[in-house]
Amino acid sequence: MSQPTQGDVPIKSENDIVVVRRVVRDLVTRLSFGVTDVTRAVTGASELTRNISLYAGTGIMWWTTLDRHGAAGLELRFEGHGLGISDIELAMKPGHGTSHGLGLGLPGAKRLMDEMEIHSELGKGTTLTVRK
Amino acid sequence: MLMVTTPADPDDLMVKTRQEEVLRAMERYRPKGLVLDISGVETLDSFFARTVAETSRMVGLMGGRTVIAGMRPSVVIAATQLALTLGGILTALTVDRALDLLSAPPPRRRRA
């Protein structure tokens, strides 16, 4: 039987940060990422899940495996069911954070991943897609 | 010396609980320093880094010095790209070197 190519992890509390880490670690290990890229992907996913837990409260992470010109990749889509981000540019600045985090979740996660896109609608929440 | 090891993938509650245990152990055993062995840690995120920096300051208030030992190369890379800082804590490559650092007079070197 072939392995699943997509799935999701609901994010309901900060306990789910560890669940997301485990799922992402298993996935990228299965995709034969090197140890440094495994750590980057897991750490980035951990920060983005923490963002949802801190700012949006609840959300979900969708994952899809990718075939990027013959190389295995992973796309993670983080949907936060919060109020949305009013100023994405500001949120991307290092040192910015409205909660008690370090304010480096977004720019830091972008450096750990290869690609990152943010879509936010006020009142509807934020979707953040990363690829590695 | 007080020696603390951390699990590979600690959750927030475990990190906070460990912090309280460290402070209680400081009071009970009165060690001169704390060696935090993170060689088993596979994911060091902002919460973990912040709690480690905070614990080191707390241990400092109790008169102890903290050395972090054994950060893995992959964790070093991810932590640096995430721009995590550990608030000037002493670091060592191995637990043995951390113990050497703590038995020497307070040095002015290797600040992270």
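- Taking CD of B/Glu42 as the start and CZ of A/Arg21 as the end, the distance is 10.5 Å to the nearest 0.5 Å.
- The same ILVMFWY cluster, assembled from side-chain heavy atoms under 4.5 Å apart, contains both A/Met61 and A/Ile118.
- Among residues at least two apart or in separate chains, side chain to side chain donor-acceptor pair (under 3.5 Å) pairs with a member in residues 28-38 of chain B are B/Asp37-B/Ser39.
- The CG atom of A/Asn51 sits 8.0 Å away from atom OG of B/Ser46, with the distance rounded to the nearest 0.5 Å.
- The distance from atom CD of B/Gln81 to atom CE of A/Met113, rounded to the nearest 0.5 Å, is 11.0 Å.
- Residues of residues 35-45 of chain A placed with any heavy atom under 4.5 Å of a heavy atom in chain B are listed by number as A/Val35, A/Thr36, A/Thr39, A/Arg40, A/Val42, A/Thr43.
- B/Phe48 CZ to A/Ser46 OG: the interatomic distance, rounded to the nearest 0.5 Å, is 11.0 Å.
- A salt bridge links A/Arg50 with B/Asp12: the distance from a Lys NZ or Arg NE/NH1/NH2 to an Asp or Glu carboxylate oxygen falls below 4.0 Å.
- Counting heavy atoms of neighbouring residues, nucleotides and ligands inside a 6.0 Å radius, atom CZ of A/Arg22 does not exceed 12 of them.
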| Full working for side chain to side chain contact (heavy atoms under 4.5 Å, CB included) between A/Arg25 and B/Thr43 | CA-CA 10 Å; A/Arg25 180 175 297 278; B/Thr43 315; 3.1 Å; yes
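- To the nearest 0.5 Å, the span separating CG on A/Leu48 from CG on B/Asp45 amounts to 11.0 Å.
- Expressed to the nearest 0.5 Å, how far CZ of A/Arg111 lies from CG of B/Leu82 amounts to 7.0 Å.
- Residue A/Ile17 is not grouped with residue A/Leu128 when hydrophobic side chains (ILVMFWY) are merged at heavy-atom distances under 4.5 angstrom, including chains of intermediate members.
- In terms of hydrophobic clustering, with Ile, Leu, Val, Met, Phe, Trp and Tyr side chains grouped at heavy-atom distances under 4.5 Å, B/Leu36 and B/Leu23 are assigned to a common cluster.
- Both B/Leu44 and B/Leu34 are assigned to one and the same hydrophobic cluster, defined by single-linkage of ILVMFWY side chains at heavy-atom distances under 4.5 Å.
- Follow the hydrophobic side-chain contacts under 4.5 Å out from B/Leu86 and you reach B/Val15 in the same cluster.
- No other option in B/Val76, B/Leu13, B/Asp9 has as many heavy-atom pairs under 4.5 Å with chain A as B/Asp9.
- Counting non-hydrogen atoms of other residues, nucleotides and ligands closer than 6.0 Å to NZ of B/Lys16 gives a total above 12.
- Contacts of A/Leu112 with chain B are made by both backbone and side-chain atoms, with heavy-atom separations under 4.5 Å.
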